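This report refers to the structure that appears directly beneath it.
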Number of protein chains: 2
Amino acid sequence: MDPLNTPVRLRGHATWLLGQASTQGHRLIGERMHAAGVTSRSYYSLLVALAESGPTSQADLGRRIGLDRSDVTAVVTDLEERGCLERTPDPADRRRNLVKITDSGAKFLAELDKEVVAAQAALLEPLSPEERDVLLGMLGRIVEHHTGLRVSGTEER
Amino acid sequence: MDPLNTPVRLRGHATWLLGQASTQGHRLIGERMHAAGVTSRSYYSLLVALAESGPTSQADLGRRIGLDRSDVTAVVTDLEERGCLERTPDPADRRRNLVKITDSGAKFLAELDKEVVAAQAALLEPLSPEERDVLLGMLGRIVEHHTGLRVSGTEER
DNA sequence: CGACCAACATTGGTTGTGCCAACAGTTGGT
DNA sequence: ACCAACTGTTGGCACAACCAATGTTGGTCG
């Protein structure tokens with residue numbers, strides 16, 4: 001695109017700016033993810049959710065990261081083939097699969113995490129540390145307002 | 001998704017927050033656009049670009065709003081059938097189509113504009129007017145830094 | 001002048017992602 | 001015994017972004 005001639009009226013809209021900024025962020029993350037051998041951002045989300053709360057069902061994982069059950073199946077299958085997680089039938093509830101992260105998976109997640117953190121820094125580069133906090137706080141409030149999500153950093157009393 | 005159990009590590013990342021906020025914005029705009037009889041956001045962008053700078057070629061329009069030439073063709077065709085714009089071969093350069101907005105198109109754009117502006121307000125509702133300015137300013141700097149775009153509000157000297 | 005390359009609009013196709021529908025197996029409650 | 005709800009899986013749809021090939025026209029350079 002020709003950045004210098006973007007219509008003025010568009011550039012002032014929050015939705016447009018958010019979309020552009022989000023695209024840049026996804027681009028930065030996508031590049032680094034791809035270099036680490038992963039095509040989709042869902043892989044990272046799922047591993048994070050898995051590491052944060054022990055063995056769970058696939059449906060639960062999907063609900064937590066906002067991924068459809070069907071898509072969870074694909075990601076889990078792929079990550080299982082890579083040895084990043086184990087998928088075993090839950091003896092207590094035979095509908096479920098108990099998904100557990102492996103040591104190899106944890107190492108892989110650490111790799112991805114480094115890339116993701118680096119991408120954040122690259123994206124926010126033009127902002128000072130204080131400004132970054134302000135930005136994250138405001139974005140958190142917006143997301144919280146529209147989704148009911150309790151974003152961290154809101155417990156200031 | 002289950003907003004209450006989103007992994008903490010995800011919620012703190014700027015890319016995740018930006019993605020969520022951007023999604024909310026697109027949802028709000030999408031709903032209102034759909035109510036106004038339009039399916040894609042590109043329609044609005046294209047009309048804005050067209051209104052802002054007289055008759056132009058399709059390629060130019062596409063470059064300005066970041067839309068592929070092929071997609072521009074589809075949108076222009078549809079908008080032409082609705083009577084929102086006129087597409088005539090450029091006598092000076094017979095490769096091009098001269099695209100010009102019509103009165104009816106300008107009226108339609110005004111309608112869409114109302115919806116878009118309302119969507120901005122809805123999205124930023126939890127922020128004070130001053131905070132909105134700060135947010136837009138910071139987002140502008142991020143976009144500017146990663147795309148080379150000169151976002152309005154940066155000419156402070 | 002002719003040869004060549006760049007730009008234009010159009011058609012058609014590919015990819016990635018989110019979402020929905022149906023299915024069989026399972027659980028818990030009434 | 002029945003029924004509603006849940007689980008994992010497969011398959012498909014819709015939409016946006018993007019890419020490739022085509023026929024045409026403009027401009028440039030030898």
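By convention in this document, chain letters (A, B, ...) are assigned in the order of the sequence lines, proteins followed by strands, and residues within each chain are numbered from 1. Since we're looking at a predicted model, the values are computed, not measured.
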Just checking [X]: base, sugar-phosphate only, or nothing, at a heavy-atom cut-off of under 4.0 Å?
X: Ser40(B); result: sugar-phosphate
X: Arg69(B); result: base
X: Asp68(B); result: base
X: Ser70(B); result: base

Looking only at side-chain N and O atoms, does [Y] offer a donor or acceptor that is under 3.5 Å from a partner on [X]?
X: Thr77(B); Y: Arg87(B); value: yes
X: Ser128(A); Y: Glu130(A); value: yes
X: Thr15(B); Y: Gln120(A); value: yes

Quiz item: What are the 5'-most and 3'-most nucleotides of DNA chain C lying under 4.0 Å from any heavy atom of chain A?
Solution: dT17(C) to dT27(C)

Quiz item: With side chains defined as the heavy atoms from C-beta onward, is the minimum distance between Arg95(A) and Ser57(A) less than 4.5 Å?
Solution: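 Side-chain contact under 4.5 Å: no.
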
Quiz item: Tell me, do Val116(A) and His13(B) make a side-chain contact under 4.5 Å, heavy atoms counted?
Solution: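 Side-chain contact under 4.5 Å: yes.
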
Gap between atoms [atom1] and [atom2], on [X] and [N] respectively (whole Å):
X: Asp60(A); N: dC6(D); atom1: CG; atom2: C1'; result: 13 Å
X: Ile65(B); N: dC18(D); atom1: CD1; atom2: C1'; result: 15 Å
X: Asp71(A); N: dG8(D); atom1: CG; atom2: P; result: 14 Å
X: Ile29(B); N: dC15(D); atom1: CD1; atom2: P; result: 18 Å
X: His26(A); N: dA17(D); atom1: NE2; atom2: C1'; result: 14 Å
X: Asp93(A); N: dC6(D); atom1: CG; atom2: C1'; result: 8 Å
X: Arg41(B); N: dC15(D); atom1: CZ; atom2: P; result: 12 Å
X: Leu98(A); N: dG8(D); atom1: CG; atom2: C1'; result: 13 Å

Self-check item: Intermediate values then yes/no, salt bridge (charged side-chain N to carboxylate O under 4.0 Å, His left out), Glu31(B) and Arg27(B)
Solution: CA-CA 6 Å; Glu31(B) 290 169 359; Arg27(B) 183 184 54 80; 3.1 Å; yes

Quiz item: dT25(D), dA16(D), dT9(D): which one has an atom nearest the side-chain heavy atoms of Gln58(A)?
Solution: dT9(D)

Quiz item: Of the candidate nucleotides dT7(D), dG26(D), dA20(D), which contains the atom at the shortest distance from the side chain of Arg95(B)?
Solution: dG26(D)

Quiz item: Once Watson-Crick and G-U wobble pairs under 3.5 Å are found, how is DNA chain D written in dot-bracket notation, 5' to 3', with | for any base paired to another strand?
Solution: ||||||||||||||||||||||||||||||

Quiz prompt | Which residue lies more 5' along DNA chain C, comparing Ser42(A) with Val99(B) via nearest heavy atoms | solution =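 In this pair, the answer is Val99(B).
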
Quiz prompt | Distance in Å, Met33(A) CE paired with Tyr43(A) OH, rounded so as to fall on 0.5 Å steps | solution =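 Rounded to the nearest 0.5 Å, the CE-OH separation comes to 11.0 Å.
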
Quiz item: When rounded to the nearest 0.5 angstrom, what distance separates CG in Asn97(A) from CD in Gln58(A)?
Solution: 4.5 Å

Practice problem: Grab the two heavy atoms, one from Ala14(B) and one from Leu124(A), that are nearest each other, plus how far apart they are. | Solution: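 It is CB-CD1, 3.8 Å.
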
Quiz item: Going through the distances and angles, do Phe108(B) and Val38(B) end up as a side chain to side chain contact (heavy atoms under 4.5 Å, CB included)?
Solution: CA-CA 10 Å; Phe108(B) 186 49; Val38(B) 150; 3.5 Å; yes

